[in-house]
K.L.:
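Here it is: the structure, laid out below.
In the text below, chain A, chain B and the rest are named by the order of the sequence lines, each starting its count at 1. Bear in mind the structure is a predicted one, so any value in this text is a computation, not a measurement.
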Protein chains: 2
Amino acid sequence: MGLSKIEKFTAEQNEIARLAKALGHPARIAIIQFLVKTNSCVCGDIVDELPLSQSTVSQHLKELKTAGLIKGTIEGPSVCYCINEVTWLKAKNLLGDLFESYSSKNNCC
Amino acid sequence: MGLSKIEKFTAEQNEIARLAKALGHPARIAIIQFLVKTNSCVCGDIVDELPLSQSTVSQHLKELKTAGLIKGTIEGPSVCYCINEVTWLKAKNLLGDLFESYSSKNNCC
DNA sequence: TTCCTTAATCGTAATTTTACGATAAATGTT
DNA sequence: AACATTTATCGTAAAATTACGATTAAGGAA
């Protein structure tokens with residue numbers, strides 16, 4: 001079926017999974033790392049940074065944008081992308097809390 | 001094509017993406033949260049906790065196990081699962097570093 | 001041994017993802 | 001206006017994901 005039954009899970013579980021899934025491809029990690037490294041809007045250079053075709057990169061950018069992790073603003077003929085701080089912090093907190101919630105004590109196997 | 005060109009990216013990018021992808025489904029988040037909550041080996045109760053069939057849950061468990069995030073030990077007729085601490089901490093660090101690497105200063109759009 | 005329980009695997013189907021070339025749309029330049 | 005640049009979208013194909021029922025495998029209980 002390929003379609004997750006999102007209605008069966010909590011809003012938080014769906015949200016965490018949605019954000020993690022958006023980060024679940026090396027190209028998108030590369031895009032994020034590039035945006036973080038330059039630490040400002042990046043206009044037009046992203047395609048050149050990736051070993052993928054322009055259309056494929058555009059698709060990955062769209063997925064990151066749909067997930068809310070980045071945002072793009074039109075700047076003349078090109079588009080400038082940067083990290084979307086609000087969702088970025090939400091992802092940081094949700095995933096951070098998940099990782100923090102585990103304690104190695106009582107681990108029996 | 002559905003196949004990511006993992007050879008085009010760095011080992012770190014692939015590793016982060018691989019771990020994030022494993023967390024990219026609400027059922028797997030639910031499994032992880034359940035294991036974290038009980039904070040010990042969970043034997044046989046996982047299927048009952050999820051709104052999915054036994055075979056589907058088994059498939060999700062396998063993906064988490066393949067990613068290294070959980071481990072299962074055979075305990076009589078059932079299998080006990082728990083968080084795999086080593087990979088869990090690796091994921092925590094890799095994703096943690098990624099989220100920490102972003103600073104909202106100089107954000108222009 | 002026979003039965004029951006538990007979990008993995010198989011087979012299958014629908015959907016999504018990944019990827020690329022080609023095309024379209026939008027803006028700036030000459 | 002004509003052209004070049006940049007990015008999104010369309011069309012397509014291959015592969016992966018998700019899901020379930022049915023079956024298999026393994027261990028414990030009667």
Side-chain angles (χ1 to χ4, degrees), chain A residues 1-9 13-14 17-31 34-35 41-67 69-82 109, chain B residues 1-9 13-14 17-31 34-35 41-67 69-82 109:
Chain A
M1 283 137 189
L3 222 189
S4 10
K5 307 198 146 183
I6 62 170
E7 75 279 4
K8 304 280 195 73
F9 299 96
Q13 285 163 348
N14 282 313
R18 204 178 57 81
L19 292 166
K21 192 177 186 181
L23 295 174
H25 193 286
R28 297 197 285 271
I29 295 296
I31 291 170
F34 183 57
L35 292 178
C41 286
V42 173
C43 304
D45 301 325
I46 298 181
V47 173
D48 304 325
E49 289 289 322
L50 295 187
L52 297 169
S53 74
Q54 182 266 322
S55 59
T56 303
V57 173
S58 182
Q59 223 169 281
H60 283 302
L61 287 169
K62 188 181 180 182
E63 279 179 66
L64 286 171
K65 204 159 55 177
T66 300
L69 290 171
I70 66 173
K71 55 184 174 180
T73 54
I74 298 171
E75 197 85 22
S78 63
V79 179
C80 297
Y81 284 102
C82 63
C109 39
Chain B
M1 283 137 189
L3 222 189
S4 10
K5 306 196 145 184
I6 63 170
E7 74 278 3
K8 305 279 195 72
F9 299 96
Q13 286 163 349
N14 282 314
R18 204 178 57 81
L19 293 165
K21 192 176 185 181
L23 296 174
H25 193 286
R28 296 195 286 271
I29 296 296
I31 291 170
F34 184 57
L35 291 179
C41 287
V42 173
C43 304
D45 301 324
I46 298 181
V47 173
D48 304 324
E49 289 289 320
L50 294 186
L52 297 168
S53 74
Q54 182 267 323
S55 59
T56 303
V57 173
S58 181
Q59 224 170 278
H60 284 301
L61 287 168
K62 188 181 182 182
E63 280 179 64
L64 285 171
K65 203 160 54 177
T66 301
L69 290 171
I70 67 173
K71 55 183 174 180
T73 54
I74 298 171
E75 197 84 20
S78 61
V79 179
C80 298
Y81 284 102
C82 62
C109 37

K.L.:
How many angstroms lie between CG in L23(B) and CD in Q13(A), if you round to the nearest 0.5 Å?
P.N.:
12.5 Å
K.L.:
Give the rounded distance in Å between these two atoms: CD1 of I70(A) and C1' of dT7(D).
P.N.:
13 Å
K.L.:
Would you call the rings of H25(B) and F9(A) parallel, tilted or perpendicular, where under 30° means parallel and over 60° means perpendicular?
P.N.:
perpendicular
K.L.:
With the threshold set at under 4.0 Å for non-hydrogen atoms, list the residues of residues 54-65 of chain B touching DNA chain C in residue-number order.
P.N.:
Q54(B), S55(B), S58(B), K62(B), K65(B)
K.L.:
For residues 43-53 of chain B, which side-chain donor-acceptor pairs fall under 3.5 Å, sequence neighbours excluded?
P.N.:
unit_1	atom_1	unit_2	atom_2	d
S53(B)	OG	S55(B)	OG	3.3
S53(B)	OG	T56(B)	N	3.3
S53(B)	OG	T56(B)	OG1	3.0

K.L.:
What integer distance in Å separates D45(A):CG from dT7(D):C1'?
P.N.:
13 Å
K.L.:
Taking CG from L50(A) and P from dT7(D), how many angstroms apart are they, rounded to a whole number?
P.N.:
12 Å
K.L.:
List in numerical order all residues of residues 17-25 of chain A for which some heavy atom is under 4.0 Å away from an atom belonging to DNA chain C.
P.N.:
K21(A), H25(A)
K.L.:
Not counting sequence neighbours, which residues clear side chain to side chain donor-acceptor pair (under 3.5 Å) with Q59(B)? List them please.
P.N.:
none
K.L.:
Hey, which of L69(B), L64(B), V42(B) is the one that makes side-chain contact (heavy atoms from CB on, under 4.5 Å) with L35(B)?
P.N.:
V42(B)
K.L.:
Write down the distance between CD1 (I31(A)) and C1' (dA19(C)), rounded to a whole number of angstrom.
P.N.:
14 Å
K.L.:
Look at the side-chain N and O atoms of Y81(A) and state whether any lies under 4.0 Å from the OP1 or OP2 oxygen of dT6(D).
P.N.:
no
K.L.:
Distances under 3.5 Å only, N/O to N/O: pair up the protein atoms with those of nucleotides 27-30 of chain C.
P.N.:
none

K.L.:
Applying side chain to side chain contact (heavy atoms under 4.5 Å, CB included), can you list everything that pairs with K62(B), at least two apart in sequence or on another chain?
P.N.:
T66(B)
